[in-house]
**Q** 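Quick one: structure below, then a few questions.
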2 protein chains.
Amino acid sequence: MEIRQLRDSDYKQVRAIMNDWWGGRQMADMLPKLFFTHFSSTSLIVEQNNKLIGFLIGFYSQTKANEAYIHFVGVAPHYRKQQLGKKMYTHFFNQAIEDGINTVTCITSPVNRTSIEYHKKMGFELVNGDKEIDGVTVHKDYDGVGKDRVLFLKRLDKKEEYRNKQQKDKEE
Amino acid sequence: MEIRQLRDSDYKQVRAIMNDWWGGRQMADMLPKLFFTHFSSTSLIVEQNNKLIGFLIGFYSQTKANEAYIHFVGVAPHYRKQQLGKKMYTHFFNQAIEDGINTVTCITSPVNRTSIEYHKKMGFELVNGDKEIDGVTVHKDYDGVGKDRVLFLKRLDKKEEYRNKQQKDKEE
């Protein structure tokens with residue numbers, strides 16, 4: 001299993017598998033080519049035997065200083081429950097720390113309980129919204145009328161703390 | 001008429017008018033909230049008497065050094081043919097020059113002849129593709145299967161040239 005930086009040329013294969021990986025939902029239009037052209041340096045591909053099995057699309061905010069945003073994360077159905085997502089998130093967090101980022105945000109739909117639990121496990125907190133659905137705080141009409149969203153935020157370690165931890169891990 | 005920087009809070013009103021400004025086409029989903037949250041510093045709103053009459057969504061590429069990308073430009077139907085688009089593009093170009101950007105790119109659909117002519121008038125060149133449709137060079141399947149796109153590129157003045165020109169304009 002190899003994690004590498006996304007390339008512009010990965011677009012076709014990612015687009016081809018997206019709706020399938022999301023169980024038939026029409027997801028591909030949410031990921032136009034521009035992310036592959038302009039945000040590849042902060043995005044990742046995971047391959048096994050040259051076969052695409054995971055990807056993460058993220059970027060650094062141009063408005064919010066030191067903040068990164070994760071737009072899309074996908075894992076091939078047959079490779080789930082193998083910590084592949086965790087590996088990609090961790091890789092993204094570590095690169096972000098090295099680049100001076102201190103906060104990572106992302107969003108999901110309130111119906112997507114699996115995603116909400118997953119993000120909590122990855123160390124994200126829920127950002128307080130203006131509505132509650134089944135005990136979850138939600139931002140009403142966040143992505144358009146009727147498109148409520150759950151907002152996540154994670155504070156990253158400072159570069160120095162992160163490097164100290166890495167050093168300690170090596171020594172142990 | 002006032003041009004100002006986009007704000008996160010502009011999202012609702014922009015989203016509300018989009019499909020209408022595009023003659024009923026479902027455009028709004030192509031502009032998720034993230035552009036308003038993370039790329040507002042390079043995006044613009046035009047208002048007249050506090051009413052939204054135009055917007056431009058752009059950002060600086062994180063992969064391609066010194067390159068900017070314009071994702072969306074909209075002008076209210078009753079305010080077309082009044083150079084409003086030109087004002088927004090020029091504003092974006094000038095800010096980009098000040099920020100050290102030397103190239104601006106954007107895309108459009110091959111069927112959108114008005115957009116193709118407009119971009120040429122704004123100083124964009126067509127980037128050679130792998131296909132030709134009615135004399136226009138096109139990039140096949142650029143944004144997914146069947147989604148051919150026309151690619152535009154404009155070289156900006158260098159900061160010094162730009163400032164010299166501005167100085168000369170003032171003097172004349």
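When reading the values below, keep in mind they use all heavy atoms of this one structure, side chains included, and skip hydrogens, waters and symmetry mates. Naming convention: chains lettered A, B, ... in sequence-line order (proteins, then strands); numbering from 1 in each chain.
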**Q** Answer yes if A:Ile107 and A:Phe59 sit in the same cluster of Ile, Leu, Val, Met, Phe, Trp and Tyr residues linked by side chain heavy atoms under 4.5 Å apart, and no otherwise.
**A** yes
**Q** Across chain B and chain A, what donor-acceptor pairs are shorter than 3.5 angstrom?
**A**
unit_1	atom_1	unit_2	atom_2	d
B:Tyr11	OH	A:Asp143	OD1	3.3
B:Arg15	NH1	A:Asp143	O	3.1
B:Asp29	OD1	A:Lys147	NZ	2.8
B:Lys33	N	A:Asp143	OD1	2.8
B:His38	O	A:Gln62	N	2.8
B:His38	O	A:Thr63	N	3.1
B:His38	O	A:Thr63	OG1	3.1
B:His38	ND1	A:Ser61	OG	2.8
B:Phe39	N	A:Thr63	OG1	3.3
B:Ser40	N	A:Thr63	OG1	3.0
B:Ser40	OG	A:Thr63	OG1	3.1
B:Ser41	OG	A:Gln62	O	3.3
B:Tyr60	N	A:Gln62	OE1	3.2
B:Tyr60	O	A:Gln62	NE2	2.6
B:Ser61	OG	A:His38	ND1	2.8
B:Gln62	N	A:His38	O	2.8
B:Gln62	O	A:Ser41	OG	3.3
B:Gln62	OE1	A:Tyr60	N	3.1
B:Gln62	NE2	A:Tyr60	O	2.5
B:Thr63	N	A:His38	O	3.1
B:Thr63	OG1	A:His38	O	3.1
B:Thr63	OG1	A:Phe39	N	3.3
B:Thr63	OG1	A:Ser40	N	2.9
B:Thr63	OG1	A:Ser40	OG	3.1
B:Asp143	O	A:Arg15	NH1	3.1
B:Asp143	OD1	A:Tyr11	OH	3.4
B:Asp143	OD1	A:Lys33	N	2.8
B:Lys147	NZ	A:Asp29	OD1	2.8

**Q** Is there a continuous path of hydrophobic side-chain contacts, each under 4.5 Å between heavy atoms, that joins B:Ile133 to B:Leu126?
**A** yes
**Q** Linking I/L/V/M/F/W/Y whenever their side-chain heavy atoms sit closer than 4.5 Å, directly or via other members, would A:Val75 and A:Ile116 fall into one cluster?
**A** yes
**Q** Do B:Leu151 and B:Leu156 belong together in a cluster built from hydrophobic side chains that touch within less than 4.5 Å?
**A** no
**Q** Taking a hydrophobic cluster as the set of Ile, Leu, Val, Met, Phe, Trp and Tyr residues connected by side-chain heavy atoms closer than 4.5 Å, whether directly or through intermediates, do A:Phe92 and A:Val46 fall within one such cluster?
**A** yes
**Q** Can we call the ring centroids of B:Phe39 and A:Phe39 under 6.0 Å apart?
**A** yes
